[in-house]
Amino acid sequence: MSLSRRTAARSVRMLGVTAASAALALSASGTALACDITEFSAAAACDGTKGVITVTDKDATHVPAVVTVFLENNGADLRQVGKEQTVTGSKKGVAVSFAEDWEPNAEYRVHVVAVKGKKTLVDADITPNVTTPSKACAADDTSIPTTTPSSTPSSTPSSTPSSSSPQTAAPPAGTATPSPSPSDSSGDTAAPPAPASNAPSPAAQESNLAETGANSNTGLIVGIAAVLVVVGGGAVFFGMRRRGASHR
């Protein structure tokens with residue numbers, strides 16, 4: 001074989017190896033850029049006081065994907081959460097949220113379907129399933145509490161008089177109390193004034209007592225004097241009897 005033929009064959013082989021390497025590289029890059037379930041993630045969170053299930057798509061090829069969320073119960077679908085949503089991902093990530101008043105420690109299954117042309121790229125669940133936190137979303141503290149009227153009767157005693165102890169209600173302030181008018185049917189006339197009495201008035205008695213000293217110690221002095229008079233009289237009487245006996 002001449003030198004030219006040998007050189008040409010070597011060149012062809014080198015071109016074949018280069019083409020094969022390029023094909024492998026393009027195939028690997030295409031596989032790396034294809035939409036995959038690993039580019040999807042899901043989590044349970046709180047949007048204010050409401051719960052949500054958030055799904056994030058980080059597919060850099062921008063293939064639209066349909067996301068559906070199910071509430072699980074012992075490994076079976078209990079119900080679908082809302083409606084399915086379509087998301088077109090990006091390298092930074094695009095998120096969609098499903099409003100759900102989830103309970104603590106609940107489990108949700110997230111299913112993703114991505115189709116490009118007539119080829120289905122993704123038809124799988126995000127693993128593992130989403131488990132909600134052990135604490136529910138906080139209640140709204142800014143709500144105005146509703147005041148419910150109490151059915152308990154008031155402890156203030158009623159102003160209505162009891163039948164066992166009737167009382168006359170006082171007339172309201174500023175109301176003139178009518179004076180009782182004499183009855184025309186009674187036929188009674190006004191009582192005549194009482195006749196003047198000759199008995200001294202209490203004022204006169206108090207005046208006489210004041211003049212005689214009834215309110216002073218005069219009574220005590222008079223009593224002591226009476227006792228002394230009685231004692232003196234007795235002494236005189238016994239003295240006269242003794243003197244008469246001695247003369248006999």
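Computed over heavy atoms, backbone and side chain alike; hydrogens, waters and symmetry mates excluded.
Checked by atom type and distance alone, the side chain of Asp125 never pairs as donor or acceptor with a backbone atom of Thr127 at under 3.5 Å.
Contact of the Val230 side chain with the Val227 side chain is not registered, since no non-hydrogen atoms from C-beta on lie closer than 4.5 Å.
Between Ser97 and Gln85, the shortest heavy-atom distance links the atoms O-NE2, 2.9 Å. Shortest non-hydrogen contact noted between Pro64 and Thr86 is CB-CG2, 4.2 Å. In plain terms, the two heavy atoms of Cys137 and Gly48 that are nearest each other are CB-O, 4.5 Å. Smallest separation of non-hydrogen atoms from Thr54 and Ala95: CG2-CB, 3.9 Å. Closest heavy-atom contact between Asp57 and Gly89: OD2-N, 3.0 Å. Closest of all the heavy-atom pairs between Cys35 and Glu39 is CA-OE1, 3.7 Å.
Residue Val130 is found in a hydrophobic cluster whose other members, listed by chain and number, are Ile37, Phe40, Ile53, Val55, Val63, Val67, Val69, Leu71, Leu78, Val81, Val87, Val94, Val96, Phe98, Trp102, Tyr108, Val110, Val112, Leu121, Val122, Ile126; membership requires side-chain heavy atoms under 4.5 Å apart, directly or through intermediates.
Note that CD of Gln80 and OG1 of Thr68 are 5.5 Å apart. Values are rounded to the nearest 0.5 Å. Distance NZ/Lys58 to OG1/Thr38: 11.0 Å, rounded to 0.5 Å.
By the 4.0 Å N-to-carboxylate-O rule, Asp101 lies too far from Lys50 to be salt-bridged with it.
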- Message: Could you go through Glu100 and Arg79, starting from their C-alpha distance and side-chain angles, then the distance that decides it, and tell me whether this counts as salt bridge (Lys or Arg N to Asp or Glu O under 4.0 Å)?
- Response: CA-CA 12 Å; Glu100 171 70 354; Arg79 61 178 173 83; 2.5 Å; yes
- Query: Can you check side chain to side chain contact (heavy atoms under 4.5 Å, CB included) on Ser90 and His62, steps first, answer last?
  - Reply: CA-CA 6 Å; Ser90 67; His62 309 291; 4.2 Å; yes
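Considering Asn129, Thr131, Asn74 in turn, Asn129 is the only one that fulfils the side chain to side chain donor-acceptor pair (under 3.5 Å) rule with Glu107.
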